[in-house]
Amino acid sequence: MSHALSIRPATAPVGPAALTGGRAPAAAHTPAGPPRIVAHRGGALLAPENTMAAFRVGLAAGARTLECDVRLTRDGHLAVHHDDTITRMAAPTSVRTRGRVADLTRAQLEQVELRGGHRIPFLEDVLALAGAAGASVYIEVKVAAAAEPVARMIREMRTGEAAHAGDAVISFHPDALQVVGRILPDVDRSFLVHWTRRAAFDVIESVGARWLGARIDGIRAGAVTEAHRRGLRVNVWTVNSHRQLSRALASGADTVTTDDPHWAARRLGLGSAAH
């Protein structure tokens with residue numbers, strides 16, 4: 001997820017007539033217990049974001065849900081990388097320091113050295129790690145074109161013993177959530193917003209999602225209560241301060257995304273970040 005303050009969804013909300021997958025929840029939802037902790041980009045304050053080191057550190061800190069960003073490479077692979085380009089994360093000594101993920105092949109991205117000597121992982125790497133640890137994954141689809149391959153990879157890798165009820169596909173793109181719902185109607189989907197305006201609920205209903213993912217500093221009073229009344233769950237991001245965590249708890253959010261799951265677990269009085 002981005003810390004930018006853009007407030008408009010990437011595409012226009014799709015109408016109810018366009019609903020092709022999933023269903024809008026009906027029964028009101030009442031959260032039980034403290035919120036589940038989600039390790040943002042693996043734990044971006046603990047290790048370089050969206051690297052295998054970050055995901056391992058996030059799990060070691062006790063998080064039972066990992067969040068990652070996914071983009072489509074030029075040759076159709078699912079790279080775990082937040083930015084549109086590699087510039088911010090590439091090490092100065094890397095053989096390649098510039099370029100858009102969408103313009104590069106998997107082989108070219110595998111040549112990129114990130115800060116700290118890390119490499120760009122791919123979604124199958126994160127899913128395999130989470131599966132081995134019994135953890136769930138929040139997968140943010142950064143571009144709508146990645147939605148279908150993401151859904152197909154989840155279907156391929158998260159079945160049987162590897163399946164996890166806490167998995168979710170999250171996105172600012174309603175059309176991406178709609179595509180995922182058509183392929184995987186039982187996998188949770190979350191519509192991401194910077195501000196909890198009422199129009200967000202219309203989008204969620206139109207694509208049949210079950211979650212609202214809201215920026216913690218953009219939540220309006222009563223928004224979480226309204227979401228729960230509609231039968232939705234709510235995730236808040238990115239919670240890295242005492243003030244933000246207090247606001248998340250007061251709101252009644254179901255899950256809390258943080259760059260430091262170890263800190264959040266301590267603040268919540270949990271033995272680990274698992275919940």
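- Applying the salt bridge (Lys or Arg N to Asp or Glu O under 4.0 Å) rule to pairs touching residues 47-57 yields R41-E49, E49-R88, sequence neighbours excluded.
- Contact annotation: the side chain of V126 never approaches that of I139 to less than 4.5 Å [non-hydrogen atoms, C-beta and beyond].
- Sorted by first and then second residue, the ring pair (Phe, Tyr, Trp, His ring centres under 6.0 Å) pairs with a member in residues 56-79 form an empty list; sequence neighbours excluded.
- Residues satisfying the side chain to side chain contact (heavy atoms under 4.5 Å, CB included) criterion with T85, sequence neighbours excluded, are T87, R100.
- Distance alone, capped at 3.5 Å, is enough to place a donor-acceptor pair between the S171 side chain and the V141 backbone.
- Scanning all heavy atoms of the two residues, the minimum distance from A79 to L109 falls at CB-CD1, 3.9 Å.
- Looking at heavy atoms from C-beta onward, D217 lies in side-chain contact with R243 at the 4.5 angstrom threshold.
- Rounded to the nearest 0.5 Å, atoms CZ (R210) and CZ (R233) are 9.0 Å apart.
- Every residue meeting the side chain to side chain contact (heavy atoms under 4.5 Å, CB included) condition with A253, not counting sequence neighbours, appears here in chain and number order: V236, S251.
- For T73, the side-chain hydrogen bond (donor to acceptor under 3.5 Å, both in side chains) partners two or more places apart in sequence, or in a different chain, are D75.
- Across all their heavy atoms, N50 and A54 have their closest contact at N-CB, 4.2 Å.
- L45 and V38 fall into different hydrophobic clusters, where Ile, Leu, Val, Met, Phe, Trp and Tyr side chains are chained together by heavy-atom contacts under 4.5 Å.
- No single ILVMFWY cluster, assembled from side-chain heavy atoms under 4.5 Å apart, contains both V57 and F55.
- Checking side-chain atoms of R189 against main-chain N and O of A168 turns up no donor-acceptor pair under 3.5 Å.
- Side-chain heavy atoms closer than 4.5 Å link hydrophobic residues (I, L, V, M, F, W, Y) into clusters, and following such links, even through other members, never connects M52 to M89.
- Here the side chains of P34 and V256 are not in contact, with every heavy-atom distance at 4.5 Å or above.
- Residues passing the salt bridge (Lys or Arg N to Asp or Glu O under 4.0 Å) test with E148, sequence neighbours excluded: R152.
- In this structure, CG on L66 lies 6.5 Å from CG on L129, to the nearest 0.5 angstrom.
- Remark: D167 CG to Y138 OH distance equals 9.5 Å, nearest 0.5 Å.
- Looking only at distances, a side-chain donor or acceptor of T258 sits under 3.5 Å from a matching main-chain atom of V239.
- When all heavy atoms of A214 and I219 are compared, the pair lying nearest together is CB-CG1, 3.9 Å.
- V80 has its side chain within reach of C68: a pair of non-hydrogen atoms, C-beta onward, lies under 4.5 Å apart.
- Linking Ile, Leu, Val, Met, Phe, Trp and Tyr whenever their side-chain heavy atoms come within less than 4.5 Å leaves V101 and V143 in two separate clusters.
- Shown here are the side chain to side chain contact (heavy atoms under 4.5 Å, CB included) partners of L249, two or more places apart in sequence or in another chain: P35, L245, L268.
- Pairs of residues two or more places apart, or lying in two chains, that qualify as salt bridge (Lys or Arg N to Asp or Glu O under 4.0 Å) and include a residue from residues 104-115 are R106-E110, R106-E124.
- Between atom CD1 of residue I120 and atom CG of residue D125 there is a gap of 11.5 Å, rounded to the nearest 0.5 Å.
- Summarising the geometry of Q111 relative to S94, their closest heavy-atom pair is O-OG, 4.1 Å, with the distance given to 0.1 Å.
- Residues meeting the side-chain hydrogen bond (donor to acceptor under 3.5 Å, both in side chains) test with S136, sequence neighbours left out: T65.
- Taking the side chain to side chain contact (heavy atoms under 4.5 Å, CB included) definition, one finds that S190 meets it with I170, L192, W211, sequence neighbours left out.
- When side chains are defined from C-beta on, W263 counts as touching H242, because their heavy atoms get closer than 4.5 Å.
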side-chain contact (heavy atoms from CB on, under 4.5 Å) evaluation trace for E67 with D69: CA-CA 7 Å; E67 187 267 354; D69 304 290; 3.6 Å; yes

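- In the hydrophobic clustering of ILVMFWY residues, with side-chain heavy atoms under 4.5 Å counting as a link, V193 and L177 come out together.
- Salt bridge status for D202 with R197: absent, with no side-chain N to carboxylate O gap under 4.0 Å.
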Verdict with supporting geometry, T238 and R215, side-chain contact (heavy atoms from CB on, under 4.5 Å): CA-CA 7 Å; T238 302; R215 185 173 62 93; over 6 Å; no

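- Minimum heavy-atom separation, P261 to A63: CB-CB, 4.0 Å.
- Here the CG-CG distance, from L78 to L72, works out to 6.0 Å after rounding to the nearest 0.5 Å.
- Counting heavy atoms from C-beta outward, N235 and R36 have side chains that stay 4.5 Å or more apart.
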Step-by-step side-chain contact (heavy atoms from CB on, under 4.5 Å) determination, R71 to D84: CA-CA 8 Å; R71 291 184 175 276; D84 179 48; 4.0 Å; yes

Steps toward side-chain contact (heavy atoms from CB on, under 4.5 Å) verdict (N240, I216): CA-CA 10 Å; N240 289 332; I216 183 61; over 6 Å; no

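- In this structure D260 satisfies the side-chain hydrogen bond (donor to acceptor under 3.5 Å, both in side chains) test with no other residue, sequence neighbours excluded.
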CA sep, side-chain torsions, deciding dist, call: D259, H40, side chain to side chain donor-acceptor pair (under 3.5 Å): CA-CA 5 Å; D259 287 322; H40 187 232; 2.6 Å; yes

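- Counting all heavy atoms, side chain and backbone alike, V180 lies closest to A147 at CG2-O, 3.8 Å.
- Atom-to-atom distance recorded for I154:CD1 and L123:CG is 7.0 Å, nearest 0.5 angstrom.
- Residues V224 and T196 form no side-chain contact, since every pair of their non-hydrogen atoms from C-beta on lies 4.5 Å or further apart.
- Applying the ring-ring contact (aromatic ring centres under 6.0 Å, His included) test to H29 and every residue at least two apart in sequence or in another chain returns H228.
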